[in-house]
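Please read the structure below before turning to the comments.
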Amino acid sequence: MQVLQQSAPSRVTSGDTSHQSMARATPISSSTFRHLKYLSNSSPPFHVTFLRSKSTCATTMSAGNVPHPSLELIGGAKDKFLSAFKSLNNPYSPYPVVAWNRHIETIFAAFFRSVPDVCFRRECLRTKDDGSVALDWVSGDDRNLPPDSPLLILLPGLTGGSDDSYVRHMLMRARSRGWRVVVFNSRGCGDSPVTTPQSEMFVVDSEKNSCQDERAGAEIVCGAEECLGHSVELLKELGFPMGVLALKDLEECGRVRETEFVWMKQKAPYEHYFVATKTLVSYGTEVTAYVEKGRMKKMTGVKSKQLFMWVPIVEMSIEDPAQNKINFKTPIGIGKSFPLTAFMTDEEKQKYLEKANE
């Protein structure tokens with residue numbers, strides 16, 4: 001592992017030297033993770049404090065295990081944290097040919113570095129100011145790894161997310177050692193929705209403590225048949241046509257009555273083409289929203305293909321059923337309307353037309 005120094009908070013990255021200026025790791029508390037071990041299997045356990053850096057260049061340990069003078073070591077990190085990373089004592093070996101210039105090295109990695117194929121399970125959190133952040137866990141690790149496995153939290157660089165190659169390479173390196181890994185996607189990063197004017201670049205300290213478990217006290221159903229019935233009843237109660245959420249292979253549905261927060265999980269992401277509107281819509285493995293009569297707002301997990309771009313849909317509403325219009329809204333407030341009948345089943349459409357002709 002190599003330590004990177006930036007003007008941002010403390011950051012640690014793997015031995016992969018490309019994109020070092022962007023890789024980061026979160027400060028870790030010794031009271032939080034009591035099962036962390038040295039990377040070497042033969043070494044005893046250690047407690048982790050945190051490391052803070054101040055400059056903007058990659059640094060290695062000099063001879064005699066003396067840290068670089070620009071490193072600020074707090075709470076015994078010199079003895080308990082840095083000693084775990086044996087590679088810090090090794091001389092820096094730049095990548096051949098392209099590493100003569102750090103900018104060239106970064107550009108080279110952007111074009112030629114591989115992107116490991118990783119299947120994520122996304123957990124969306126809402127902040128107190130209605131912002132959204134996303135935690136991407138490696139799918140299946142909760143079942144395949146022991147519950148006391150060490151946990152690594154990855155904080156990607158500015159505008160980075162779980163889809164970046166350097167993040168996935170670091171993730172794969174940690175998983176090869178039996179660690180569980182979660183990637184923290186800030187607002188608008190890693191395909192997480194932007195639901196407030198505040199962006200990832202202006203996160204304040206208060207946001208660190210503002211994420212809360214929105215699912216406490218929820219009514220939860222599992223299984224394909226139960227989830228189908230739950231979703232149908234929910235859409236009926238809200239007044240939406242049955243075909244407006246074309247989800248497939250549902251595994252879990254939940255609803256918090258107190259806040260009217262709902263979620264629907266399916267086995268895998270799914271794309272559906274609505275013939276009546278000539279629109280391709282993508283549904284993530286999880287769709288969430290806050291609901292009320294005739295409205296689903298602060299939605300996550302739904303995107304519409306517009307020209308060459310996938311545009312998030314954060315709200316859909318029916319202002320007046322008599323007008324036969326359903327409205328969809330994007331994070332920047334741009335909306336589009338379609339006929340209600342475009343999302344109705346044949347049975348719903350027949351009843352609607354019969355009622356309209358009365």
Side-chain angles (χ1 to χ4, degrees), residues 119-126 132-144 182 191-193 195 212-277 279-304 310 312-318 326 328 338 340 342-349 351-352:
C119 182
F120 289 109
R121 174 177 60 84
R122 172 156 291 188
E123 181 179 355
C124 295
L125 302 178
R126 187 77 63 180
S132 299
V133 296
L135 302 179
D136 282 345
W137 301 82
V138 179
S139 181
D141 276 2
D142 54 332
R143 298 186 300 272
N144 300 329
V182 59
D191 285 335
S192 62
T195 55
Q212 53 187 330
D213 186 2
E214 295 178 311
R215 309 183 189 210
E219 304 169 2
I220 302 176
V221 296
C222 299
E225 186 175 345
E226 291 80 2
C227 288
L228 177 61
H230 179 275
S231 61
V232 168
E233 289 301 319
L234 176 65
L235 291 174
K236 282 183 179 179
E237 179 184 335
L238 300 178
F240 287 104
M242 296 299 100
V244 73
L245 286 179
L247 300 176
K248 184 179 180 181
D249 297 328
L250 287 171
E251 292 185 317
E252 179 183 290
C253 293
R255 182 176 183 178
V256 183
R257 294 284 180 176
E258 183 178 355
T259 61
E260 290 297 357
F261 173 74
V262 301
W263 73 88
M264 288 161 276
K265 292 182 181 179
Q266 52 184 2
K267 286 185 178 180
Y270 174 66
E271 293 181 4
H272 181 81
Y273 184 74
F274 289 93
V275 178
T277 61
T279 306
L280 181 63
V281 177
S282 170
Y283 299 96
T285 52
E286 182 177 71
V287 174
T288 71
Y290 285 88
V291 300
E292 59 188 63
K293 184 66 175 179
R295 188 180 307 273
M296 297 183 74
K297 57 185 180 180
K298 299 178 184 177
M299 297 175 65
T300 68
V302 183
K303 297 179 181 180
S304 174
W310 284 103
I313 302 299
V314 298
E315 183 175 317
M316 63 181 186
S317 62
I318 301 173
I326 181 170
F328 298 90
F338 294 100
L340 268 175
F343 304 96
M344 291 181 178
T345 62
D346 292 340
E347 182 179 352
E348 285 180 308
K349 191 179 299 184
K351 290 182 179 179
Y352 179 85

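Atom OG of Ser317 is separated from atom CE of Met296 by 11.5 Å, given to the nearest 0.5 angstrom. Between atom CG of residue Asp141 and atom CZ of residue Phe120 there is a gap of 10.0 Å, rounded to the nearest 0.5 Å. Here CG of Leu247 is found 11.0 Å from OG1 of Thr285. Values are rounded to the nearest 0.5 Å. If you take CG on Leu125 and CZ on Arg215, they are separated by 8.0 Å, rounding to the nearest 0.5 Å. Within the model, atoms OH of Tyr290 and NZ of Lys298 stand 6.0 Å from one another, a figure rounded to the nearest 0.5 Å. Annotation: the span from Cys227 atom SG to Leu234 atom CG amounts to 12.0 Å, rounded to 0.5 Å.
Between Lys293 and Glu237, none of the side-chain N atoms (NZ, or NE/NH1/NH2) sits under 4.0 Å from a carboxylate O, so this pair counts as no salt bridge. Ion pairing of Arg122 with Asp191 is absent here, as no side-chain N (NZ or NE/NH1/NH2) approaches a carboxylate O to less than 4.0 Å. Under the 4.0 Å criterion applied to side-chain N and carboxylate O atoms, Glu252 and Arg121 are not assigned as salt-bridge partners.
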- I would like to know whether Thr279 and Tyr273 meet side-chain contact (heavy atoms from CB on, under 4.5 Å); could you show each step before the answer? CA-CA 6 Å; Thr279 306; Tyr273 184 74; 5.9 Å; no
- Assess whether side-chain contact (heavy atoms from CB on, under 4.5 Å) is satisfied between Ser231 and Leu250, documenting all intermediate values. CA-CA 9 Å; Ser231 61; Leu250 287 171; 3.9 Å; yes
- Could you check Tyr270 against Asp249 for side-chain contact (heavy atoms from CB on, under 4.5 Å), going step by step and ending with a plain yes or no? CA-CA 9 Å; Tyr270 174 66; Asp249 297 328; over 6 Å; no
- Message: With side-chain contact (heavy atoms from CB on, under 4.5 Å) as the criterion, how do Leu238 and Met316 come out once you've worked through the C-alpha distance, each side chain's angles and the decisive distance to 0.1 Å?
- Response: CA-CA 11 Å; Leu238 300 178; Met316 63 181 186; over 6 Å; no
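Between Phe328 and Val244 there is a side-chain heavy-atom pair separated by less than 4.5 Å. For the pair Tyr283/Leu245, a side-chain contact is recorded, criterion being any heavy-atom separation below 4.5 Å from C-beta on. Contact check for Glu292 versus Glu260: no side-chain heavy atoms found under the 4.5 Å cut-off. Using a 4.5 Å heavy-atom cutoff, the side chains of Cys222 and Glu251 are not in contact. Taking the side chain as every heavy atom from C-beta outward, Lys236 and Met242 approach each other to under 4.5 Å.
In this pair, Phe338 and Phe343 present their aromatic rings perpendicular. The plane angle is above 60°, beyond the 30 to 60° band. In this pair, His272 and Phe274 present their aromatic rings perpendicular. The plane angle is above 60°, beyond the 30 to 60° band.
Shortest non-hydrogen contact noted between Ile318 and Pro241 is CD1-CD, 4.2 Å. Closest non-hydrogen pair, Val281 versus Trp310, comes out as C-CZ3, 4.1 Å. Between Ala218 and Trp263, the closest heavy-atom pair is CB-CH2, 3.5 Å.
Side chain of Gln266 to main chain of Lys248: a donor-acceptor pair is present (N/O by atom type, distance under 3.5 Å, no hydrogens or angles). Checking side-chain atoms of Glu315 against main-chain N and O of Met299 turns up no donor-acceptor pair under 3.5 Å.
Considering Val256, Val291, Thr288 in turn, Val291 is the only one that fulfils the side-chain contact (heavy atoms from CB on, under 4.5 Å) rule with Val262.
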